[in-house]
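Here is the structure we will look at.
Just so it is clear: chains get the letters A, B, ... in the order the sequence lines come, proteins before strands, and each one is counted from 1.
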Amino acid sequence: MSASPSSMSGGAGAVEAAMRTVVWFRRDLRVEDNPALAAAARTAGEVVPAYVWAPEEDGPYYPGRVSRWWLSQSLKHLDASLRRLGASRLVTRRSTDTVAALLELVRSTGATHLFFNHLYDPLSLVRDHRVKEVLAAEGITVQSFNSDLLYEPWEVLDDDGCPFTMFTPFWNKCLCMVDPAAPMLPPKRINSGDLSRCPSDELIFEDESERGSNALLARAWSPGWQNADKAFAAFINGPLIDYSVNRKKADSANTSLLSPYLHFGELSVRKVFHQVRMKQLMWSNENNHDGEEGCSLFLRSIGLREYSRYLAFNHPCSHEKPLLSHLRFFPWVVNEVYFKVWRQGRTGYPLVDAGMRELWATGWLHDRIRVVVSSFFVKVLQLPWRWGMKYFWDTLLDADLESDALGWQYISGSLPDGRELDRIDNPQFEGYKFDPYGEYVRRWLPELARLPTEWIHHPWDAPESVLQAAGIELGSNYPLPIVELDEAKSRLQDALSEMWELEAASRAEMENGMEEGLGESSDVPLIAFPQELQHMEVDREQFRATIPTPPTAGRRRADQMVPSMTSSFVRAETELSADFGNSEVSRQEVPSQVHFQQRVEIREEVVNDGTAARNNGIQHQQYNNQNTQHRARAGIAPSTSEASSTWTGREGGVVPVWSPPAASGHSDPYTADETEISSRSYLDRQPQSHRLMNWSQLSQSS
DNA sequence: GCAGTGTTTGG
DNA sequence: CAAACACTG
């Protein structure tokens with residue numbers, strides 16, 4: 001009955017009795033319903049639980065302060081749980097090269113197996129693939145599992161066997177698929193054998209300057225999987241029943257507050273799914289319509305999380321490139337002053353400002369308010385959405401690359417089913433919708449506390465006498481609107497026309513280019529992050545040293561709190577890249593091609609702004625035709641996408657780590673050639689070189 | 001009055 | 001995309 005994970009890789013001859021498995025934890029920091037851990041424990045061999053901290057590999061997405069704090073707490077919690085089960089401590093490694101660290105760990109513990117659970121962000125896809133390649137070459141059996149999702153991205157396809165491009169059909173499909181596996185209990189016992197000769201590195205997650213702020217976090221949050229469990233129970237037995245009614249209020253009292261737990265995998269979505277479904281059934285029987293609907297709505301937000309992984313998997317560049325290609329040509333306002341004002345909550349729109357202050361103070365923001373502030377950012381200020389996303393990344397407790405990319409793309413009109421870019425939401429109007437009595441605004445904007453509700457969301461309209469009575473002097477202790485809405489609207493229209501012109505020009509240019517058989521095209525380079533968002537580059541140095549060094553510490557603090565900025569209006573230099581694949585590579589450390597040999601040089605090149613595109617001879621361009629059908633279904637007007645490049649075709653340039661189950665084998669609508677590897681094409685390719693099973697296969701075999 | 005169509009909205 | 005709403009004849 002034991003799961004025989006069909007031996008698959010080299011070195012199989014290892015002595016069974018001495019079998020030792022390294023379980024590599026990442027964002028699956030739980031003991032319960034953890035397939036990799038369960039599989040390792042079931043083998044009756046020895047289990048080495050391990051964690052590798054190598055944040056430098058994440059480049060600009062080095063985790064922010066609050067996120068690091070959460071991680072540190074969660075790891076402690078996990079460590080304690082593992083020991084309780086009889087395992088050794090969590091073996092930790094501080095490294096700048098995860099693969100090397102794992103290899104060393106496996107060797108020094110004499111392990112023959114490495115198990116881990118899947119991740120789907122672009123960095124992990126590439127890294128995990130390398131892990132598999134390198135370790136398998138060493139004769140280590142590597143297996144990976146699904147712990148993060150209800151369904152693996154490649155399992156959810158439309159009737160034609162293609163990935164969905166819109167959320168609603170995606171989620172409907174998920175809901176009518178067979179229920180995801182029931183969650184597993186924690187292993188009864190874990191035996192690590194003798195690990196006394198395997199030291200751990202001390203991991204440092206905060207510096208001196210951060211300690212104080214982090215101490216405050218501990219009052220509000222309790223990381224760790226058992227606390228996740230409690231929070232979840234509290235939610236489904238409490239606010240869930242009123243979720244459909246309450247979820248619109250800006251107050252977080254009614255939301256689940258589970259997202260940080262979910263981000264770090266402390267809570268299993270499968271468990272969430274099953275338990276919420278049970279509640280739903282119950283309330284349905286009781287004819288509690290609101291309760292039932294609340295369950296659907298909550299599950300849909302789980303579905304959104306699911307979808308964010310799905311998108312990231314199918315389009316590994318979704319965190320930096322708009323999925324609708326014409327958005328590449330939108331002339332973003334590159335204005336760091338605006339950016340700063342937004343961050344500090346001094347835009348003059350109370351709801352926006354309240355949100356930004358809350359975010360700053362707590363690392364938390366209600367979903368609705370996230371939409372408000374980000375849509376203000378994109379549509380009124382017209383700042384490049386990646387900046388906003390990066391700021392969220394740096395400040396949110398539940399910062400999550402996939403979810404945030406989805407959110408920002410949705411807001412900025414970059415998704416087929418997202419909001420129209422030209423529809424500006426009025427913060428005043430939304431204020432009365434989400435915060436009808438102005439309580440939220442008053443809590444976070446003390447300067448407006450005495451303003452009557454009638455004016456709380458539009459103080460600029462208030463009569464002088466009212467303002468005076470409330471002690472407000474607009475432009476002095478509370479700003480006037482930084483941009484008038486009407487002005488924003490017309491500016492937005494102009495920008496959109498410009499975008500279409502550029503898009504048309506690019507299309508024309510591309511048609512020429514194709515005649516010459518070259519992948520020549522004007523790919524718009526990413527706009528560099530402002531200096532202030534690049535502090536990670538500096539800060540990481542101090543974590544490398546064992547002794548925390550203060551020098552840069554003050555800077556980070558000042559960075560977001562005090563308006564001390566270099567008011568340089570950085571216009572990103574525009575350059576044409578000769579080649580798609582390369583321009584991607586040069587922009588961010590997400591190699592879009594499978595050529596991992598290039599990795600070293602990629603890493604060196606990655607410096608936040610578009611470095612010169614390299615030409616490594618990869619050319620691919622011909623997916624336009626193959627794509628048409630797909631786009632049509634996605635509701636993307638052919639005229640807008642016909643000749644532009646971005647959509648599905650070449651996005652999936654990353655080979656994932658695990659080999660998915662056999663694909664249907666029909667021909668791929670948008671695979672061009674060998675170098676053009678889309679997510680579909682590797683499904684068809686079935687990299688035999690590293691045969692890993694996914695979890696569903698393994699469970700079937702047990 | 002209300003079925004049928006268009007429009008908004010919300011993930 | 002789909003539900004909710006608004007408007008029309």
Whole-Å gap separating C1' (B:dT8) and CG (A:Asp425): 12 Å

Within 45 degrees of the axis of the six-membered ring of A:Trp387 and under 6.0 Å from its centre: does A:Arg343 put its NZ or CZ there? no

Are A:Tyr349 and A:Trp460 close enough that their ring centers fall under 6.0 Å? yes

Atom-pair distance (CH2 on A:Trp171; P on C:dA3), nearest Å: 16 Å

Residues A:Tyr261, A:Trp70; criterion ring-ring contact (aromatic ring centres under 6.0 Å, His included); working and verdict: CA-CA 9 Å; A:Tyr261 295 111; A:Trp70 188 289; 4.9 Å; yes

Under-4.0 Å salt bridge between A:Arg386 and A:Asp404: no

Please tabulate, one pair per line, each protein N/O and nucleotide N/O from nucleotides 9-11 of chain B that are separated by under 3.5 Å, including the distance.
unit_1: B:dG10; atom_1: OP1; unit_2: A:Lys433; atom_2: NZ; d: 2.9
unit_1: B:dG11; atom_1: OP1; unit_2: A:Arg247; atom_2: NH1; d: 2.9
unit_1: B:dG11; atom_1: OP1; unit_2: A:Arg368; atom_2: NH2; d: 2.9
unit_1: B:dG11; atom_1: OP2; unit_2: A:Arg368; atom_2: NE; d: 3.4
unit_1: B:dG11; atom_1: OP2; unit_2: A:Arg368; atom_2: NH1; d: 3.3
unit_1: B:dG11; atom_1: OP2; unit_2: A:Arg368; atom_2: NH2; d: 2.6

A:Arg309 and A:Asp148: CA distance, side-chain angles, deciding distance, salt bridge (charged side-chain N to carboxylate O under 4.0 Å, His left out) verdict: CA-CA 9 Å; A:Arg309 271 72 180 149; A:Asp148 195 47; 3.1 Å; yes

